[in-house]
**Student:** 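Pasting in a structure now, in structure tokens, and then I'll have a few things to ask.
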Amino acid sequence: MASYIILLGPPGAGKGTQAQAISQELQLPHISSGDIFRENLKKETELGKLAAGFMNKGELVPDDVTIAMIRERLSRPDCQAGALLDGFPRTPAQAEALSGMLAELGGQVNAVPYISVPAEVLIERLTGRWTCRQAGHIFHEKYNPPQQPGCCDLDGSELYQREDDKAETVSRRIRVYLEQTKPLIDYYQQRGLLIEIDGILPIEQVTASLLAALPHNG
Ligand code: AP5
Ligand code: MG
């Protein structure tokens with residue numbers, strides 16, 4: 001049966017960093033709702049313009065728009081054997097919609113690693129983050145610096161600071177997470193799927209704990 005893994009955690013917890021590190025090992029495509037919105041914005045699609053209005057304020061894009069976008073993405077052939085979801089679901093309505101979608105696709109959520117990081121650490125992580133223009137590779141000026149400042153180690157493209165990584169927008173995103181997304185911790189715990197991972201450790205150690213905890217590694 002197809003295997004879907006959801007990376008849960010606050011903004012800056014390291015969902016994208018860890019997804020990039022483990023997606024190949026798990027042989028699951030990395031599906032990031034935030035990356036898809038940013039990709040659409042780069043291409044100046046209607047979806048991208050609509051999403052940017054919410055993202056730049058640190059608010060969530062409405063459920064109906066987000067659910068339709070993920071439904072389309074998960075229906076593509078590369079997700080037939082499963083996917084590593086990063087940033088979706090983010091509300092109880094999205095979690096319900098996901099379980100319906102996966103049932104139609106003949107799959108189910110297999111595990112929900114929750115990367116836990118205290119709020120005071122998140123701000124420093126986000127305001128020091130540098131993201132690659134070409135493919136969204138993630139760096140940090142202190143914790144994961146690129147070899148050459150401003151330049152992606154993996155594809156040489158320019159590194160930029162996300163519009164929503166300004167200090168005031170970061171605070172709003174953390175509040176929105178606490179109000180709308182945190183309830184999913186209980187939701188998945190009640191279904192026996194939650195695996196808590198200590199996200200305060202260095203990047204490589206978090207990767208090792210994730211791989212050890214996920215079902216494929218026993
Ligand atoms: P999205 O792009 O998903 O942002 P987010 O959830 O706020 O999470 P981030 O990408 O900021 O953090 P991350 O956990 O991926 O951390 P990262 O690995 O980069 O969403 C953006 C916006 O899109 C939302 O605000 C919303 O508007 C919209 N949206 C997206 N999905 C939606 C949905 N489902 N519904 C509605 N709206 C939606 O790491 C952060 C930094 O820390 C990096 O610099 C990294 O190098 C560093 N770092 C990572 N791990 C460590 C470590 N262990 N130690 C030290 N530094 C570390
Ligand atoms: Mg991310």
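Only this structure's heavy atoms are used, side chains among them; waters, hydrogens and symmetry mates stay out. Atoms within a ligand are numbered from 1 in the order they appear, just like the ligands themselves. Here, residue 1 is the first one in the sequence, and each next residue gets the next number.
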**Student:** In this structure, does ligand 1 have an atom that sits under 4.0 Å from one of the heavy atoms of Asp165?
**Tutor:**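 Asp165: no contact with ligand 1 (<4.0 Å).
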**Student:** More than 12 heavy atoms of other residues, nucleotides or ligands under 6.0 Å from CD of Gln148: is that the case?
**Tutor:**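 Atom CD in Gln148 is not crowded, with 12 or fewer foreign heavy atoms closer than 6.0 Å.
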**Student:** Could you list which atoms of ligand 1 come closer than 4.0 Å to a heavy atom of Arg38?
**Tutor:**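 Under 4.0 Å from Arg38, ligand 1 has these atoms: 2 (O), 21 (C).
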**Student:** Heavy atoms only, cut-off 4.0 Å: how does Ile200 contact ligand 1, side chain, backbone, both, or neither?
**Tutor:**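 Neither; nothing of Ile200 gets under 4.0 Å from ligand 1.
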**Student:** Give the numbers and elements of all ligand 1 atoms closer than 4.0 Å to a heavy atom of Pro202.
**Tutor:**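 Per the distance check, 53 (N).
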**Student:** N/O of Gly16 under 3.5 Å from N/O of ligand 1, yes or no?
**Tutor:**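 The answer is yes, given that Gly16 and ligand 1 share an N or O pair closer than 3.5 Å.
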**Student:** Just jot down the ligand 1 atoms closer than 4.0 angstrom to any heavy atom of Ser33, in number order.
**Tutor:**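 Checking each atom against Ser33, I get 30 (C), 31 (N), 32 (C), 34 (N).
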**Student:** Once you restrict to heavy atoms under 4.0 Å, what part of Thr91 touches ligand 1? Side chain, backbone, both or neither.
**Tutor:**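 No part of Thr91 comes within reach of ligand 1.
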**Student:** Starting from atom 16 (O) of ligand 1, locate the nearest protein heavy atom and write down its residue, its atom name and how far away it is, to 0.1 Å.
**Tutor:**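 Here the closest protein heavy atom is Gly14 N, 3.2 Å.
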**Student:** If we only count heavy atoms from C-beta on, is the Asp35 to His30 side-chain gap below 4.5 Å?
**Tutor:**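 Of all side-chain heavy-atom pairs linking His30 with Asp35, at least one is under 4.5 Å.
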**Student:** Give the residue, atom name and distance (to 0.1 Å) of the protein heavy atom nearest atom 8 (O) of ligand 1.
**Tutor:**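 For atom 8 (O) of ligand 1, the nearest protein heavy atom is Lys15 NZ, 3.1 Å.
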**Student:** Give the residue and atom name of whichever protein heavy atom lies nearest to atom 43 (C) of ligand 1, and the separation in Å to one decimal.
**Tutor:**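 Minimum-distance protein heavy atom for atom 43 (C) of ligand 1 reads Ile138 CG2, 3.5 Å.
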**Student:** Which atoms of ligand 1 are found less than 4.0 Å from any heavy atom of Thr66?
**Tutor:**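 Checking each atom against Thr66, I get 33 (C), 34 (N), 35 (N), 36 (C).
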**Student:** Pairs of nitrogen or oxygen atoms closer than 3.5 Å, one from Asp164 and one from ligand 1: do any exist?
**Tutor:**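 Such a contact does not occur with ligand 1.
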**Student:** For Gly87 and ligand 1, does the shortest N/O to N/O distance drop below 3.5 Å?
**Tutor:**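 Yes, at least one N or O pair falls under 3.5 Å.
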**Student:** For atom 35 (N) of ligand 1, find the nearest protein heavy atom and state the residue, atom name and distance (0.1 Å precision).
**Tutor:**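 The answer is Gln94 NE2, 2.9 Å.
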**Student:** State the atoms of ligand 1, each with its element, that fall below the 4.0 Å cut-off from a heavy-atom position in Glu59.
**Tutor:**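 In order of numbering, the contacting atoms are 26 (C), 27 (O).
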